[in-house]
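Residue numbers begin at 1 in each chain, while the letters A, B, ... track the order of the sequences.
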Amino acid sequence: MSQFKKGFRAVFPIVSGIVPFGLVAGSVFYEAQLSFTQSLAMNLAVYAGAAQMAAVNLMKSHSAVLVVVLTGLIINMRFLLYSLVMSTHLKGSHPFIKFICAFTLTDQSYATMANHQNTLKTDQDAVQFYLGTAACMMFFWQLSFIAGFAFGNFAPEALSLDFAVPLSFVALLIPAIKSKSYVFIAILSASLSVLLHDMPFRSGLITSACLAIGAAWFIIKRSRA
Amino acid sequence: MIESNYFYLVLGLMILGTLAIRGSFIFFSNRISIPTSVRELFSYIPAAVFPALIAPAAFFHSGKVSWLYEKERFVVLLLAGVVCYYVRNTFLVISFGLGLLFILHVL
């Protein structure tokens, strides 16, 4: 089986967490009275669910352009880290491939590739695998978003399907926990994000992640000393 | 109602900004060389990012189960983490979490 297909299949179970999120996002855009063209344009070209939802909520309350854009971008700052990791596999790749990989970078694609790192022997394998995950994510995200826009969030409320999103993140997180120091970093990150929840522009997320990475850096340095 | 010009200005800036963030290191990958210790740090990124994404949403969510101080989503996430550690099956983890939350709400 090609690495592309392996990537597509590896991320497929995560789709069960993406579909409810897409439905909710699509219905939020519809309720904000955005046209189908506007909604699809943002969903295709920005392709970052959490940032889009935050931006639409702020636009509904007529927040300043700078506030809306900055909030969205701060939420997306975590992609800097993923971009750094992906860059190690893309040296010498065609600029078009680099563009596609950058454009389709998501939490799910990145984490699925990171969790399969040991099975990917070459950079070419890694890129093919990643593109498979990205294709699957793009397809189901757009489909569920359009369904949410067209039909609303039709899932029964009693099923709490929106909760599938954090559950899918748990499923991506746990395979990346390799020792006690990873557990420590995860607990630190969770605690900081709760403590820093009220920071402006939802910047608590990226601040907590950066502080946790700083702590991980300290652990690595200490273990080498 | 969101005014059209306002929306497209935000959209344009968000497209450029998000692509710049996502492409930052990828576009210049030929010129960047990354030390081994930094590569080791990469393996910590999921542990540093995902808890920060999910913990506040679960912790500050006001639930319905009073004996869990309305924090049932937080409790279910922790239990789902334990289940995931043993079964390593995404679909099962999501089903377990949604099922347990449903049962807690029904009880």
Heavy-atom side-chain proximity of A:Phe103 to B:Leu19 below 4.5 angstrom
yes
B:Ile45 side, atom CD1; A:Leu81 side, atom CG - distance, nearest 0.5 Å:
4.5 Å
Show the nearest heavy-atom pair for residues A:Leu58 and B:Tyr6, with the distance to one decimal.
O-OH, 4.2 Å
Which residue in the set B:Val10, B:Leu9, B:Thr18 passes side-chain contact (heavy atoms from CB on, under 4.5 Å) when paired with A:Val69?
B:Val10
For chain B, which of A:Tyr182, A:Tyr82, A:Phe99 has the most heavy-atom pairs under 4.5 Å?
A:Tyr182
Rounded to the nearest 0.5 angstrom, the OG-CZ distance for A:Ser191 and B:Phe59 is 9.5 Å
So what's closer than 4.5 Å to chain A heavy atoms on B:Phe96: side chain, backbone, both or neither?
neither
Look at atom CZ of A:Arg224 and say whether more than 12 heavy atoms of other residues, nucleotides or ligands are closer to it than 6.0 Å.
yes
What part of B:Ser33 lies closer than 4.5 angstrom to a heavy atom of chain A: side chain, backbone, both or neither?
both
Dump the intermediate steps for side chain to side chain contact (heavy atoms under 4.5 Å, CB included) on B:Leu11 and A:Gln38, then the final yes or no.
CA-CA 9 Å; B:Leu11 175 62; A:Gln38 287 175 322; over 6 Å; no
Per-residue contact mode, B:Arg73 against chain A (heavy atom under 4.5 angstrom)
both
Hey, is CZ on B:Phe27 packed in by over 12 heavy atoms from elsewhere, all under 6.0 Å?
yes
Using a distance-only test with no angle check, is there a side-chain donor-acceptor pair under 3.5 angstrom linking A:Lys98 and B:Ser29?
yes
Heavy-atom count around A:Phe140 CZ within 6.0 Å, excluding the residue itself: above 12?
yes
State plainly whether the residues A:Lys221 and B:Glu40 are in salt-bridge range, i.e. N to O under 4.0 Å.
no
How close do A:Val46 and B:Arg22 get, counting heavy atoms only, and between which atoms?
O-NH1, 2.9 Å
If you draw a 6.0 Å radius around CZ in A:Arg9, do more than 12 non-hydrogen atoms from other residues or ligands fall strictly inside?
no
Of the listed residues (A:Ser189, A:Ala171, A:Ala50), which shares the most heavy-atom pairs with chain B below a 4.5 Å separation?
A:Ser189
For B:Tyr44 and A:Ser181, which heavy atoms make the closest approach, and how far apart are they?
OH-OG, 2.9 Å
With only heavy atoms counted, which part of B:Tyr8 is less than 4.5 Å from chain A, the side chain, the backbone, both or neither?
side chain
Rounded to the nearest 0.5 Å, what separation is found between the CZ atom of A:Phe79 and the CD1 atom of B:Ile21?
8.5 Å
Shorter than 4.5 Å, heavy atoms on both sides: which option in A:Leu84, A:Leu66, A:Thr88, A:Val85 has the most such pairs with chain B?
A:Leu84
Can you tell which part of B:Ala80 gets under 4.5 Å to a heavy atom of chain A, answering side chain, backbone, both or neither?
both
Heavy-atom pairs under 4.5 Å with chain B are the metric here; pick the option from A:Gly72, A:Ser160, A:Ala212, A:Ala176 that has the most.
A:Ser160
